[in-house]
Amino acid sequence: MNNRKLKVGVVGLTVGASHVKDYASSDTVKEIVLCDVDESRLKEIGDTYNISKKYTDFEKMLKEENLDAISLAVPNFLHMRLSIQAMEAGVHVLCEKPMARNAAEARKMLEAAQKHNKKLMINFNQRFLHECQTLKSVIDEGKLGDIYYVRTLWQRRRGVPWWYPLSSGKEVCGGGALIDLGVHMLDRAMWLCGYPEPDWVLGNKFCKVSKDEAARKGIQNFELEDMGVAMFRMKGGVMLELEASWASNRENEVISTRIYGSKGGAVLHRVVGDGNAASHKLFLEIGGEVQDIPLDDKGISKMPNVRQAFLNAIVNDEEVPCTPQQGLQITQMLDMVYLSAENGTPVQFE
């Protein structure tokens, strides 16, 4: 067991508050340094966790603090620049999803990690849910056989993040529901299936529900999709369907992934709110009949959460579990969905 202790920075304390909470409870962290442009937010989080070192200037923090690692929980347009600056300063980086606004930016981040020999991990936290870890073990044991179809979705009834700077949303975020929620579900499905190589995609995006509400809120240039859909064909023939919505005329918010295999199937299904009711099942043929079997996670040891996994990779000098190569591939896939939506045709991956 490596007993090395790390000095960790957290930049962006709205989304980053959860990062601070995890680091504050980790035996791997010896000190936390905070950075945010909002001084009241700095004081609030600093007081909550008794953290004295606080900065409003990112570059000043890098120069004055000898950080081992940093969490970047900032708007998407800052991911590339701040990640590269941190790695140039010798700091390992955990970057919030999406990796970047587009694949060109993500590729520069990957190249910087390789050039400076620094760990760059993407905050794909869905993989670390216990039910996802359990299903992954079932798939890896071959119990579902050859996977041939996956449907993965995160659908909200009304859940536009109005606190985003949506008047300049394309420039700041890079996209809407697809890049915000779809990125999680796409990585989750790809990871469960072993990250197959995509062949082509047909996608579309819509803003049919939120435009009027945006206008009422004074957001005149609301241009992001409140729903996006895509169908990917993988080079091995697997089909993967993706849905993501900030707002749609449907029942309650749902997070779900369904998998069909030659020997069995599975579903991870969670209703958000009302107690977060969950239904996680396997569908296996037993005695000539398909049986519904609750997904038993008792035999699977709980994995560390995404932030602790990042720290473990540093102290043990191991590859991060959510690699920048995977982050780049997910970003490329989303780029192709947007291109397909713009062109109105399927798009081939090169």
Check against side chain to side chain contact (heavy atoms under 4.5 Å, CB included), Ile255 and Val271: CA-CA 7 Å; Ile255 302 171; Val271 178; over 6 Å; no

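- Scanning both residues, Cys35 and Leu13, for their nearest heavy atoms gives O-CG, 4.1 Å.
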Steps toward side-chain hydrogen bond (donor to acceptor under 3.5 Å, both in side chains) verdict (Asn312, Arg307): CA-CA 9 Å; Asn312 291 348; Arg307 263 78 73 169; over 6 Å; no

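- Nearest heavy-atom pair across Tyr338 and Ile179 is OH-N, 3.6 Å.
- Side-chain contact between Glu253 and Trp154: present, with at least one pair of heavy atoms (C-beta onward) separated by less than 4.5 Å.
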Candidate pair Gln308 and Thr28, rule side-chain hydrogen bond (donor to acceptor under 3.5 Å, both in side chains), full reasoning: CA-CA 8 Å; Gln308 187 61 49; Thr28 314; 2.9 Å; yes

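- Using a 4.0 Å cut-off between a side-chain N of Lys or Arg and a carboxylate O of Asp or Glu, Asp226 and Lys205 do not qualify as a salt bridge.
- The residues Asp180 and Lys97 are annotated as salt-bridged, a charged nitrogen and a carboxylate oxygen being separated by less than 4.0 angstrom.
- Between Ile122 atom CD1 and Gln325 atom CD the span is 9.5 Å, to the nearest 0.5 Å.
- Classification of Glu31 and Lys53 as a salt-bridged pair holds, one side-chain N sitting under 4.0 Å from a carboxylate O.
- When each of Val93, Val74, Ile84 is paired with His79, the side chain to side chain contact (heavy atoms under 4.5 Å, CB included) condition holds for Val74 and for no other.
- A salt bridge between Lys119 and Glu318 is absent, with no side-chain N of the basic residue lying under 4.0 Å from a carboxylate O of the acidic one.
- Linking Ile, Leu, Val, Met, Phe, Trp and Tyr whenever their side-chain heavy atoms come within less than 4.5 Å puts Val320 and Phe128 in one cluster.
- Counting non-hydrogen atoms of other residues, nucleotides and ligands closer than 6.0 Å to CG of Asn117 gives a total of 12 or fewer.
- Under the 4.5 Å side-chain heavy-atom criterion for grouping Ile, Leu, Val, Met, Phe, Trp and Tyr, Trp200 is not connected to Leu240 through any hydrophobic cluster.
- Heavy atoms only, all atoms of each residue included: Leu166 and Pro161 are closest at CD1-O, 3.7 Å.
- Ion pairing of Glu251 with Arg157 is absent here, as no side-chain N (NZ or NE/NH1/NH2) approaches a carboxylate O to less than 4.0 Å.
- Under 4.0 Å is where a charged nitrogen must lie from a carboxylate oxygen, and between Lys136 and Asp140 at least one such pair does.
- Between Trp246 and Phe222, the ring-plane angle classifies as tilted under the 30° and 60° cut-offs.
- When the options Arg127, Gln326, Gln329 are evaluated for a side-chain hydrogen bond (donor to acceptor under 3.5 Å, both in side chains) with Asp187, the one that passes is Arg127.
- Within the 4.5 Å cutoff, the side chain of Glu319 has no heavy atoms near those of the Met121 side chain.
- Classification of Glu223 and Lys170 as a salt-bridged pair fails, no side-chain N sitting under 4.0 Å from a carboxylate O.
- Between Lys263 and Glu285, none of the side-chain N atoms (NZ, or NE/NH1/NH2) sits under 4.0 Å from a carboxylate O, so this pair counts as no salt bridge.
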